[in-house]
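Below, chains carry the letters A, B, ... as their sequence lines are ordered, and counting in each starts from 1. Bear in mind the structure is a predicted one, so any value in this text is a computation, not a measurement.
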There are 2 protein chains.
Amino acid sequence: MSVRPPTAQQFVLGELRRAITAGRLRPGAPIRQDAVAEELGVSRVPLREALKTLQGEGLVSYQAHRGYFVESLSLDDLREAYRIRQLLEEEAVRRAAARLTGADLDRLDAAEREVERAGAAGDVLEMAAANRRFHMALFELAGMPRLIRLIQSLWDATDAYRSMYYGEGDNRARVVDEHNAVLAALRKCDVDEAVRILDAHRDHAVAALEALLEEPPS
Amino acid sequence: MSVRPPTAQQFVLGELRRAITAGRLRPGAPIRQDAVAEELGVSRVPLREALKTLQGEGLVSYQAHRGYFVESLSLDDLREAYRIRQLLEEEAVRRAAARLTGADLDRLDAAEREVERAGAAGDVLEMAAANRRFHMALFELAGMPRLIRLIQSLWDATDAYRSMYYGEGDNRARVVDEHNAVLAALRKCDVDEAVRILDAHRDHAVAALEALLEEPPS
DNA sequence: AGATTGGATTTTGGATCCAGTATTGATTAT
DNA sequence: ATAATCAATACTGGATCCAAAATCCAATCT
């Protein structure tokens with residue numbers, strides 16, 4: 001099972017996502033294909049394919065003969081994305097809970113410990129990644145691949161904002177607490193409780209982001 | 001406001017969607033880029049970009065260095081897609097109903113009459129298109145652009161099966177009846193009733209498709 | 001006979017080049 | 001001074017060409 005070197009397209013896709021969600025490409029700004037391609041050391045072809053993927057995910061918009069633009073998520077857009085996530089993730093959790101085994105719970109526990117480890121090490125980026133793995137591991141159990149894909153793309157679209165959230169105050173500790181509360185609820189087979197916690201979590205995140213976005217960036 | 005000739009990419013995208021949903025490209029089959037490009041009279045570049053879009057919509061899958069494959073929807077996949085549609089469309093209808101004006105209802109009425117006209121003329125294809133316009137007109141009223149995009153992509157993915165549905169027995173008459181029932185419920189501001197009808201409609205469609213897919217195609 | 005290896009062929013991935021469209025800026029007229 | 005026009009420029013869209021990977025097939029070995 002050897003590791004295949006990633007195609008230029010996959011590389012570009014990752015770099016672009018990072019650049020957009022990290023804000024290095026400003027929302028609303030046009031994407032100069034020549035410049036970006038040169039910057040990344042590839043030609044425009046794989047870049048354009050990566051942009052098409054990002055368009056599908058809603059991270060960039062496209063106008064014929066004018067090109068691609070970094071999609072800026074307004075507060076409304078953000079709220080909408082989180083609302084859709086709520087709908088889809090509730091379904092995923094309920095299905096997952098219905099098929100949950102002890103081994104699954106152990107795996108989720110392990111995933112949660114990785115989140116804690118990253119948190120203890122103060123590695124915000126790794127913590128965000130581990131948090132995502134934890135949630136996806138849970139959702140995967142629903143056995144609905146298409147649903148997972150949709151949820152993933154929503155996470156992609158809101159990635160930048162999620163890292164803002166992780167950077168603030170005691171949010172990291174809160175995440176860990178809530179994960180554990182969800183796991184406890186699942187152990188008790190109390191799905192409603194698990195869903196309730198996750199919803200509260202999302203609501204809190206949205207509220208925190210609203211507060212952050214209100215005040216102009218320093 | 002002159003009409004711009006569509007780019008090759010847009011043309012290819014439409015043709016591919018049609019070919020896939022009409023079954024002219026068999027599910028599971030690899031997509032030979034050279035052959036398809038020549039068939040459509042374009043080069044491989046716009047074709048590949050169109051395929052990336054379709055990948056995002058889940059109509060084709062992709063493996064690095066192996067290419068694109070027509071995604072075959074199993075019965076399970078179909079059920080999953082319809083379930084997700086149910087979640088998203090319920091949200092759309094509820095939001096739409098909350099902001100519904102008299103003018104909106106008139107527009108929906110007009111859209112419904114187009115469905116009836118196509119039905120009376122026996123034009124199944126046009127009826128399917130008009131039906132889609134009717135539903136989207138309703139969903140649009142929710143004012144959630146991202147939600148609409150997701151719903152559209154789910155409709156795209158299940159297009160082929162929907163036309164099967166329209167071809168069968170008295171399903172066309174049933175569609176018209178249910179549209180009118182939904183409109184009546186919305187007029188009474190009875191959202192729950194509207195949602196209930198739409199859900200029943202989807203359930204019936206899924207059941208009909210299950211029956212159709214069970215028996216081997218003639 | 002079956003599995004395996006090596007090379008020929010096919011197909012995808014990526015780079016470069018050209019054409020068509022949009023944008024920019026200077027020039028002119030009001 | 002401002003608006004409109006038109007040429008120069010920049011950028012996107014698409015075609016072609018080359019490289020790299022995968023597939024296919026025959027020859028070889030166990």
Side-chain angles (χ1 to χ4, degrees), chain A residues 1-20 24-72 149 156, chain B residues 1-20 24-72:
Chain A
M1 204 144 219
S2 80
V3 193
R4 174 170 301 296
T7 63
Q9 193 185 127
Q10 291 166 332
F11 164 74
V12 170
L13 188 57
E15 289 299 311
L16 275 182
R17 258 206 270 266
R18 233 188 307 285
I20 292 174
R24 284 190 36 230
L25 290 173
R26 291 296 181 74
I31 295 177
R32 292 301 148 84
Q33 299 179 3
D34 265 328
V36 175
E38 190 181 15
E39 170 106 11
L40 298 178
V42 298
S43 83
R44 283 175 50 216
V45 174
L47 170 62
R48 275 156 63 177
E49 286 177 334
L51 285 169
K52 267 282 167 277
T53 300
L54 293 176
Q55 184 191 350
E57 293 176 2
L59 266 86
V60 304
S61 63
Y62 172 75
Q63 291 179 45
H65 301 289
R66 295 199 59 221
Y68 296 86
F69 298 81
V70 180
E71 194 60 28
S72 58
R149 283 211 0 229
D156 286 335
Chain B
M1 202 138 219
S2 79
V3 189
R4 174 169 302 295
T7 62
Q9 191 185 128
Q10 291 166 332
F11 164 74
V12 170
L13 189 56
E15 289 299 311
L16 275 183
R17 258 206 269 266
R18 233 188 308 285
I20 292 174
R24 283 190 35 232
L25 290 173
R26 292 297 181 73
I31 296 176
R32 293 300 148 86
Q33 299 180 3
D34 263 326
V36 175
E38 190 182 15
E39 170 107 8
L40 298 177
V42 299
S43 81
R44 283 174 50 214
V45 174
L47 170 62
R48 276 157 63 176
E49 286 177 334
L51 284 169
K52 267 281 168 277
T53 301
L54 292 177
Q55 183 191 351
E57 293 176 0
L59 265 85
V60 305
S61 62
Y62 171 76
Q63 292 177 46
H65 302 291
R66 296 201 56 222
Y68 297 86
F69 299 80
V70 180
E71 194 61 27
S72 59

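The A/Arg44 side chain lies nearest to D/dG14 when the options are D/dG14, C/dG13, C/dG14. Ranking C/dT11, D/dC11, C/dG13 by closeness to the B/Tyr62 side chain, first place goes to C/dG13. Considering only the side chain of A/Gln33, D/dT12 comes nearest among D/dT12, C/dT11, D/dA22. Nearest nucleotide to the A/Val45 side chain, out of C/dT16, C/dT23, C/dG13: C/dT16.
Going from atom CD of B/Glu49 over to atom P of C/dG14 covers 13 Å, rounded to whole Å. Nucleotide D/dG13 holds its P atom 11 Å from the CD atom of A/Gln63, rounded to whole Å. What separates CD of B/Glu38 from C1' of D/dG14 is a distance of 17 Å, to the nearest Å. Between B/Arg32 atom CZ and C/dG13 atom C1' the separation is 16 Å, expressed in whole Å. Computed from coordinates, the B/His65 NE2 to D/dC24 C1' distance equals 19 Å when rounded to whole Å. Between A/Asp34 atom CG and C/dC17 atom P the separation is 13 Å, expressed in whole Å. If you measure from atom CG of A/Leu47 to atom P of D/dG14, you get 15 Å, rounded to the nearest angstrom. Across the protein-nucleic acid pair, B/Lys52 atom NZ and C/dT12 atom C1' stand 11 Å apart, rounded to whole Å.
A salt bridge does not link A/Glu49 to A/Lys52: none of the charged side-chain nitrogens sits closer than 4.0 Å to a carboxylate oxygen.
Close to C/dG14, at under 4.0 Å from its OP1 or OP2, lies a side-chain N or O of A/Gln9. Residue B/Arg48 has no polar side-chain atom (N or O) positioned under 4.0 Å from OP1 or OP2 of C/dT12. For A/Ser43, no side-chain nitrogen or oxygen approaches OP1 or OP2 of C/dG14 to under 4.0 Å. One finds no side-chain N or O of B/Tyr68 lying less than 4.0 angstrom from the OP1 or OP2 phosphate oxygen of C/dG13. Under 4.0 angstrom from either OP1 or OP2 of D/dT23 there lies at least one side-chain N or O belonging to B/Arg66.
If you check every strand for non-hydrogen atoms under 4.0 Å, B/Ile31 touches sugar and phosphate atoms only.
A/Arg32 has its side chain within reach of A/Pro30: a pair of non-hydrogen atoms, C-beta onward, lies under 4.5 Å apart.
The minimum heavy-atom distance between A/Val42 and A/Ala8, with the atom names listed, is CG1-CB, 4.0 Å.
Between A/Val12 and the options A/Val36, A/Leu51, A/Leu54, A/Leu40, a side-chain contact (heavy atoms from CB on, under 4.5 Å) holds for only A/Leu40.
With a 6.0 Å radius and a threshold of 12 heavy atoms from other residues, nucleotides or ligands, A/Arg24 has its CZ atom at or below the threshold.
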